[in-house]
Asks: 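The structure's right below; bear with me while I get my questions together.
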Amino acid sequence: MDLSSRTLQHLSGLLAGHRRRIGSRWRRLTCGRQALLVLAHLRCRDTYARLAAGFRVGITTVHRYIRETVDLLAALAPTLEQAMTTVRKKAYVVLDGTVLPIDRIAADQPYYSGKKKHHGINVQVLADPAGRLLWASDALPAAVHNLTAARTHGIPAALTADDVKCWADKAYQGAGPAVRVPFRGKNLRGRHRRHNRDHTKIRSLGGRAMAILKCWRLLRKLRCSTTRITAVVRAVVALELAT
């Protein structure tokens with residue numbers, strides 16, 4: 001896996017502390033092996049069957065270990081209110097949204113993105129001026145527009161309340177005074193064209209945060225229940241912020 005040993009050690013330490021708190025005694029896998037199993041699932045998208053064979057445990061044990069660890073990590077991911085403590089210290093932030101593909105049938109209409117032409121879930125992300133991930137939202141069905149999603153999570157209101165400058169794309173037109181968007185229209189000239197060019201240069205850095213999320217291959221095609229996706233995304237965010 002293209003992860004540092006620091007990530008493995010961090011997660012192993014969290015699991016060791018968790019086992020002490022709940023009074024867990026003997027386990028089939030040590031904390032380090034459980035951490036490695038979970039990272040292989042999140043980072044490499046290894047299936048339960050493959051992990052069970054590789055670690056010589058049952059599929060049920062793999063499921064239990066992954067669920068336990070994901071929930072442990074998800075609880076450590078910052079809420080928007082907590083993230084705003086960091087956001088206030090930045091010169092500005094970049095707001096962007098993405099649709100993470102999921103394995104759904106055609107009947108699941110709320111999860112179908114007309115723009116992306118596939119089923120997925122909508123996740124909003126805040127990044128700092130260097131493109132580092134600061135916060136990711138809970139998952140919403142892909143049919144929800146980015147602007148609606150941002151308002152649902154209270155992002156524009158939080159940015160306005162703390163007077164934080166934010167750059168976003170055209171999808172966030174009308175989000176509020178704190179969110180700066182490019183001019184709409186084709187064949188723009190003069191200051192409008194220059195403004196959009198400069199705006200794109202600034203906003204493009206936010207794409208790095210999306211790339212960071214999608215380096216975790218499980219997020220490239222989620223096959224779990226939609227009720228578990230928020231926990232998975234928050235677990236990845238917690239790992240990225242901690243290491």
Side-chain angles (χ1 to χ4, degrees), residues 1-3 7 11 34-55 59-80 95-127 133-146 148-150 152-153 171 206-243:
M1 290 183 290
D2 55 340
L3 289 171
T7 303
L11 183 53
Q34 182 178 349
L36 184 61
L37 181 151
V38 174
L39 290 175
H41 178 64
L42 295 176
R43 190 72 172 188
C44 303
R45 201 164 160 249
D46 284 349
T47 63
Y48 287 4
R50 184 174 180 180
L51 292 169
F55 286 84
I59 292 180
T60 302
T61 301
V62 171
H63 177 270
R64 185 171 64 250
Y65 279 171
I66 290 175
R67 189 182 186 94
E68 176 186 49
T69 309
V70 166
D71 288 344
L72 179 63
L73 287 168
L76 300 176
T79 62
L80 179 59
L95 170 63
D96 201 1
T98 188
V99 173
L100 300 177
I102 61 173
D103 186 18
R104 297 284 97 184
I105 61 176
D108 296 322
Q109 194 62 31
Y111 292 92
Y112 184 77
S113 170
K115 179 180 179 180
K116 298 293 184 179
K117 306 300 181 185
H118 62 69
H119 291 80
I121 53 99
N122 182 301
V123 173
Q124 301 294 302
V125 170
L126 287 176
L133 181 66
L134 296 176
W135 173 82
S137 72
D138 293 347
L140 291 176
V144 178
H145 190 273
N146 276 339
T148 302
T152 299
H153 298 305
R208 296 180 184 176
M210 289 300 183
I212 289 171
L213 275 182
K214 293 178 181 179
C215 280
W216 297 82
R217 296 178 184 87
L218 186 66
L219 298 183
R220 297 179 186 178
K221 184 71 172 182
L222 288 151
R223 298 183 182 277
C224 61
S225 168
T226 53
T227 60
R228 293 292 301 163
I229 293 177
T230 291
V232 171
V233 173
R234 288 177 64 83
V236 168
V237 172
L239 283 170
E240 284 292 342
L241 294 179
T243 55

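Below, each value reflects all heavy atoms present in this structure, side chains not excepted, and no hydrogens, waters or symmetry copies. Keep in mind it's a predicted model, so treat the numbers as computed, not measured.
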Asks: Quick check: are there more than 12 heavy atoms from other residues, nucleotides or ligands sitting under 6.0 Å from CZ of Arg217?
Replies: yes
Asks: Given 3.5 Å as the limit, does a donor-acceptor pair link the side chain of Thr243 with the main chain of Thr7, or not?
Replies: no
Asks: Where do Val62 and Leu37 land on the side chain to side chain contact (heavy atoms under 4.5 Å, CB included) test, with the steps shown first?
Replies: CA-CA 8 Å; Val62 171; Leu37 181 151; 4.1 Å; yes
Asks: Is there a donor-acceptor contact under 3.5 Å from the side chain of Lys214 to the main chain of Ala211?
Replies: no
Asks: Got a second to check how far Leu95's CG is from Trp135's CH2, nearest 0.5 Å?
Replies: 8.5 Å
Asks: Report the C-alpha distance between Thr60 and Tyr48 in whole Å, list the side-chain angles of each, state the deciding distance to 0.1 Å, and finish with yes or no for side chain to side chain contact (heavy atoms under 4.5 Å, CB included).
Replies: CA-CA 9 Å; Thr60 302; Tyr48 287 4; over 6 Å; no
Asks: Considering only residues two or more places apart or on different chains, which pairs with a residue in residues 227-242 satisfy side-chain hydrogen bond (donor to acceptor under 3.5 Å, both in side chains)?
Replies: Asp71-Arg228, Trp216-Glu240, Ser225-Thr227
Asks: Calculate, to the nearest 0.5 Å, the distance between atoms CG and OG1 belonging to Leu140 and Thr148 respectively.
Replies: 9.5 Å
Asks: Could you point out which residue of Leu11, Leu239, Leu219, Ile66 forms a side-chain contact (heavy atoms from CB on, under 4.5 Å) with Leu42?
Replies: Leu239
Asks: Which residues pass the side-chain contact (heavy atoms from CB on, under 4.5 Å) test with Ala209, not counting sequence neighbours?
Replies: Val125, Ala127, Leu133
Asks: Are the side chains of Val144 and Pro141 in touch, meaning some heavy atoms are under 4.5 Å apart?
Replies: yes
Asks: What residue among Thr152, Asn146, Asp138, Thr98 forms side chain to side chain donor-acceptor pair (under 3.5 Å) with Asn122?
Replies: Asn146
Asks: Tell me if the centroids of the rings in His119 and Tyr112 come within less than 6.0 Å of each other.
Replies: yes
Asks: Working to the nearest 0.5 angstrom, can you tell me the gap between Arg223 CZ and Ile229 CD1?
Replies: 12.0 Å
Asks: Got a second to check how far Ile121's CD1 is from Tyr111's OH, nearest 0.5 Å?
Replies: 9.0 Å
Asks: Taking the side chain as C-beta and beyond, is there a heavy-atom pair between Leu241 and Pro78 under 4.5 Å?
Replies: yes
Asks: Kindly compute the distance separating CG (Leu218) from NE2 (His41), expressed to the nearest 0.5 Å.
Replies: 4.5 Å
Asks: Which is it for Leu80 and Leu126 under the side chain to side chain contact (heavy atoms under 4.5 Å, CB included) test, yes or no, and what are the steps along the way?
Replies: CA-CA 10 Å; Leu80 179 59; Leu126 287 176; 4.1 Å; yes
Asks: Are any of the side-chain nitrogens in Asp103 or Lys221 under 4.0 Å away from the carboxylate oxygens of its partner?
Replies: no
Asks: So do the side chains of Val70 and Leu72 get within less than 4.5 Å of each other, counting heavy atoms only?
Replies: no
Asks: With sequence neighbours left out, what residues match His118 under ring pair (Phe, Tyr, Trp, His ring centres under 6.0 Å)?
Replies: none
Asks: Can Thr47 and Arg50 be said to form a side chain to side chain contact (heavy atoms under 4.5 Å, CB included), step by step?
Replies: CA-CA 5 Å; Thr47 63; Arg50 184 174 180 180; 3.4 Å; yes
